[in-house]
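Below is one structure, written out as structure tokens; comments come after it.
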Protein chains: 2
Amino acid sequence: MLTRTLPVYLQDASHPQAQVCAACEVRRNALFGALDDASLARIHEHIAAPEYEADTRIYTRDEPGHAVWTIRAGVVRFERTTDRGDRRIVRLAGRGDLIGQEALLRWTYADDAIACTPVQLCRIPPALVEDLSESRARLLRELMARWQDALDQAQGWVADLTTGPARRRVLRLLDALGRYPDAQGRIWLPRREDIGAMLDMTIETASRHLSRLRREAVIELLPPRHARLSAPALEQALRAADAD
Amino acid sequence: MLTRTLPVYLQDASHPQAQVCAACEVRRNALFGALDDASLARIHEHIAAPEYEADTRIYTRDEPGHAVWTIRAGVVRFERTTDRGDRRIVRLAGRGDLIGQEALLRWTYADDAIACTPVQLCRIPPALVEDLSESRARLLRELMARWQDALDQAQGWVADLTTGPARRRVLRLLDALGRYPDAQGRIWLPRREDIGAMLDMTIETASRHLSRLRREAVIELLPPRHARLSAPALEQALRAADAD
DNA sequence: CGAGCCGTTGAGGGGATTCAAGCTCAGTGG
DNA sequence: CCACTGAGCTTGAATCCCCTCAACGGCTCG
């Protein structure tokens, strides 16, 4: 059955994974669809095809990334735990998607990856991809790092800025804005309408909470569009909001 | 002043951008920090250093990407408009960050990028990066595409699944899950607790809205963990929820 | 059969939205 | 100089949606 769909020169390849890879129905949509059959033949022996049951963990956040995977079947979810302690699912991935790309940078995984349904994967060692891109490796690594940073930020945004009551979301936004101070140590404070667009709340709710934080001496409003934060007060307020 | 910090062989380079690039204080953290001075000298003449005032647009969603930028100073926000018509800010970027990476794939931009504060940028044509990575171009392109897809999904998650009242968020989740049907045309339906973790709501709220959608014949619950959607009813319910 | 997990439904309270009024401030023109 | 205007922000009151707390039913499994 299977061999009838294989190119002739692969029909009696020594390694059994050769047939699995060459016949893979998602290959044309998957990462290694970009490779020709000859290149594929060189690497297929290093690729495993593990399966996971529903609700089993594929990898764990902060764990060193030893593999990147392609999803051949099933649904995978990415989870994070907020400082407040509650679990947030920040993304889903399905057939044809690539997961654990951090491993190509030799980074630790940025999320917990867990099977939602029974899943079939292709497990690819990072060295395999690195071997294929020998030149300008440093620039490419930098580029991939930027991409991963952006993705990490986007997922962190979900976990931090869309979670919990309005006061907590405002505090976390101020914390994030505190990382971009200007020369005078002030932060850029968005218009209330923009805060609403960031945190999914009305301008009235944003205004009420900022006013309250001003009365609590967490923030000093410096209109227009600027403010000064009290780092200790902010940290304390964040801990209080996360504790509850 | 400036020339004193330059390597000798660059001090009298013909193109003025040579000095700007070589002296750039963010260079060691920025994308082209990975390049040596010789490579940098070859490309600097193609890099512009534009500035934007606050609240001006750097690029627009769906516009063909003709450049990728590094942020030298200031804060940039990424915006999307939900189907419902409201504006959502899905990410911020600051000094040292790379924005508009889609352009390296010759894709259109995935978001509106707008300056929050006055910003100083480095504008890099995609051809420059492509010239530097001649071999295995297709695999690298595939890889970058995966990265961008993941980022796009993460930002779309913010815009779609964390916006608006609970009923709307549940509907959008069902719509997303509808893209991963199994062989019987059923979808994987998360446990109520997982729906809560995805949409930032309690299991009771998730259950109430699913029950209501069942009574409205939008969804047929097939416990455990599965369901069947009525595509037309779902679409109609989505439009109704977005209209309001 | 009882224990435990998962899901559903109800009652009550609290927080966010909605609707509305009034404020500051910059720009404009009488 | 000051009235006028409009944008942005603040504050209040009423409403509504969602959360909290609680009880209960179906199901699996020891």
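Throughout, a chain's letter reflects where its sequence line sits, starting with A, and its residues are numbered from 1. Only this structure's heavy atoms are used, side chains among them; waters, hydrogens and symmetry mates stay out.
- The aromatic rings of B:Trp69 and B:Tyr109 sit tilted relative to each other, their planes meeting at an angle between 30° and 60°.
- Rounding to the nearest 0.5 Å gives a distance of 4.5 Å between CD1 of A:Ile219 and CG of A:Leu174.
- A:Arg172 and A:Thr163 are not linked by any side-chain donor-acceptor pair at a separation below 3.5 angstrom, with hydrogens and angles left out of the test.
- Under 3.5 Å, the side chains of B:Arg225 and A:Thr117 contain no donor-acceptor pair of N or O atoms.
- A salt bridge between B:Glu204 and B:Arg208 is absent, with no side-chain N of the basic residue lying under 4.0 Å from a carboxylate O of the acidic one.
- If you check the side chains of B:Gln155 and B:Arg91, you find a donor sitting under 3.5 Å from an acceptor.
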For A:Arg214 and A:Glu216, run salt bridge (Lys or Arg N to Asp or Glu O under 4.0 Å): C-alpha distance rounded to whole Å, both residues' side-chain angles, the deciding distance at 0.1 Å, then the answer. CA-CA 5 Å; A:Arg214 170 173 47 76; A:Glu216 296 173 358; over 6 Å; no
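- For DNA chain D, the span of nucleotides reached by chain A at under 4.0 Å from its heavy atoms goes, 5' to 3', from D:dC9 to D:dA13.
- Within a 6.0 Å radius of CD in A:Glu53, no more than 12 heavy atoms belonging to other residues, nucleotides or ligands are found.
- Contacts with DNA chain C (heavy atom under 4.0 Å) in residues 219-227 of chain B: B:Leu221, B:Arg225, listed by number.
- For the 3.5 Å distance criterion, the side chains of B:Gln148 and A:Trp147 qualify, holding a donor opposite an acceptor.
- Taking the side chain as every heavy atom from C-beta outward, A:Arg87 and B:Asp194 approach each other to under 4.5 Å.
- For the contact set between residues 193-210 of chain B and DNA chain C, defined by any heavy atom under 4.0 Å, the members are B:Glu204, B:Ser207, B:Arg208.
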